[in-house]
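Here is the structure we will look at.
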Amino acid sequence: MYITQKIADETLLKVKSEIEQLSIQVGKINPSVKLTSNKTLLGTCNKIKDGNYDFEIRITKYISNEQALKNTIAHEVLHTVEGCFNHGKKWKAMAEKVNSKYGYNITRLGDISETTGTPKYIVICKNCGLEYKYFKKGKVIKLLESKYKDKVRCSKCKGELKITYLTDI
């Protein structure tokens with residue numbers, strides 16, 4: 001799936017409407033999503049100084065499917081709710097409310113494996129087989145390569161993780 005401006009903007013309107021139907025008051029969001037070429041972030045919510053809008057949502061054009069697009073946009077829309085510009089208790093409660101009602105999978109960290117780019121690292125859970133794709137050597141990869149590798153666990157089942165390097169595939 002290639003994300004077009006039209007698809008992104010229509011999805012924002014739909015997701016925003018669904019969230020508002022749950023009596024969640026979202027902020028004033030620019031209705032034009034900014035598409036990025038970022039391969040390591042699915043989306044961001046930025047405060048802006050504009051007379052008409054308080055927030056701008058940016059998403060990567062590399063998101064690979066419609067559900068991942070909805071999850072990402074919903075995640076960012078929830079950041080516009082008062083007291084939710086972080087991933088604190090209120091944000092988590094709102095995410096759970098939306099997940100329960102609409103079957104979304106809004107999490108604190110988006111799943112970068114839902115993009116179409118080519119990763120440098122694939123991390124696989126030895127227990128449930130869930131795969132995580134990474135495009136750069138960030139915190140997770142560095143921890144898994146260190147003596148602290150037991151500090152990083154699968155987000156689904158808490159199983160042990162194993163790195164597969166792109167050259168090993």
Side-chain angles (χ1 to χ4, degrees), residues 1-22 24 26-27 29-46 55-81 84 87 91-141 144 152-159 161-166 168-169:
M1 174 180 187
Y2 180 75
I3 305 300
T4 64
Q5 188 66 55
K6 182 179 178 185
I7 291 170
D9 292 346
E10 288 173 353
T11 303
L12 172 60
L13 287 175
K14 181 180 182 198
V15 168
K16 184 176 175 241
S17 173
E18 288 176 341
I19 290 172
E20 289 173 334
Q21 287 174 23
L22 296 174
I24 297 172
V26 302
I29 306 168
N30 184 332
S32 181
V33 174
K34 301 294 183 199
L35 297 177
T36 72
S37 298
N38 195 319
K39 293 182 181 176
T40 59
L41 287 174
L42 295 179
T44 60
C45 176
N46 302 305
F55 299 95
E56 173 183 83
I57 292 177
R58 296 173 182 235
I59 59 163
T60 180
K61 64 184 177 183
Y62 297 113
I63 292 178
S64 63
N65 62 67
E66 184 180 358
Q67 191 58 52
L69 176 62
K70 286 180 180 179
N71 292 337
T72 302
I73 288 179
H75 174 119
E76 302 309 336
V77 167
L78 289 176
H79 282 309
T80 71
V81 175
C84 291
H87 296 114
W91 183 90
K92 289 176 185 172
M94 297 293 153
E96 184 52 41
K97 188 173 184 179
V98 175
N99 287 343
S100 295
K101 175 67 175 179
Y102 298 113
Y104 285 15
N105 184 28
I106 304 166
T107 58
R108 187 179 73 79
L109 293 174
D111 185 357
I112 200 71
S113 67
E114 294 180 326
T115 63
T116 58
T118 304
K120 292 182 180 177
Y121 311 92
I122 297 178
V123 175
I124 303 169
C125 176
K126 292 180 180 181
N127 187 45
C128 72
L130 187 63
E131 290 187 6
Y132 304 87
K133 296 177 184 176
Y134 293 90
F135 296 87
K136 63 182 182 179
K137 191 173 195 169
K139 183 178 181 180
V140 170
I141 300 300
L144 287 171
V152 184
R153 295 293 191 167
C154 175
S155 63
K156 182 177 179 182
C157 73
K158 305 299 180 215
L161 300 174
K162 171 185 100 167
I163 301 174
T164 301
Y165 297 90
L166 188 61
D168 294 345
I169 300 173

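Predicted, not measured: the structure shown is a model, and the values here were computed from it.
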Test your reading of the model: is there a side-chain donor-acceptor pair from Asp9 to the backbone of Val33, 3.5 Å cut-off? yes

Measure the CD-NZ distance between Glu76 and Lys16 for me, rounded to the nearest 0.5 Å. 15.5 Å

Where is the tightest heavy-atom contact between Leu78 and Cys84, given as atom of each residue plus distance? O-CB, 3.2 Å

Which heavy atom in Leu35 sits nearest to a heavy atom in Gln5, and how many Å separate them? CD1-N, 3.7 Å

Quick one: does any side-chain atom of Tyr102 pair with a main-chain N or O of Glu18 as donor and acceptor, under 3.5 Å? yes

Would you compute the distance between atom NZ of Lys61 and atom OG1 of Thr36 and round it to the nearest 0.5 angstrom? 8.5 Å

What one should report as the nearest heavy-atom pair of Ile124 and Ile122 is CG1-CG2, 3.9 Å

In terms of heavy-atom contacts, Ile106 and Ala95 come closest through CG2-CB, 3.9 Å

What closest approach, in Å, do Cys45 and Phe55 show between heavy atoms, and which atom pair accounts for it? SG-CD2, 3.7 Å

Quick one about Glu96 and Ser100 (side-chain donor to acceptor, distance below 3.5 Å, no hydrogens or angles considered), yes or no? yes

Please check this pair: side chain of His75 against backbone of Thr107, looking for a donor-acceptor N/O pair closer than 3.5 Å. yes

Please round to the nearest 0.5 Å and tell me the distance separating atom OG1 of Thr60 and atom CG of Leu69. 10.5 Å

Result for side-chain contact (heavy atoms from CB on, under 4.5 Å) between Met94 and one of Val26, Ile24, Asn99 points to Ile24

With rounding to the nearest 0.5 angstrom, report the CG to CD1 distance, Asn46 to Ile29. 12.0 Å

Return yes if some donor-acceptor pair links the side-chain N/O of Lys156 with the main-chain N/O of Leu130 below 3.5 Å, else return no. no

Distance (rounded to the nearest 0.5 Å) between Ile57 CD1 and Lys34 NZ: 12.0 Å

Atom pair NZ (Lys158) and SG (Cys128), whose distance is rounded to the nearest 0.5 Å: 10.5 Å

Scanning both residues in full, the closest heavy-atom pair of Ile63 with Ala68 reads CG2-CB, 3.6 Å

Quick check on side-chain contact (heavy atoms from CB on, under 4.5 Å): which of Ile141, Val140, Leu144 does Tyr121 satisfy it with? Ile141

Any Lys/Arg nitrogen of Lys14 or Glu10 sitting under 4.0 Å from an Asp/Glu carboxylate oxygen of the other? no

Would a distance-only check, ignoring hydrogens and angles, find a side-chain to backbone donor-acceptor pair under 3.5 Å from Tyr132 to Ser155? yes

Check the angle between the aromatic planes of His79 and Trp91 and answer parallel, tilted or perpendicular using the 30° and 60° thresholds. parallel

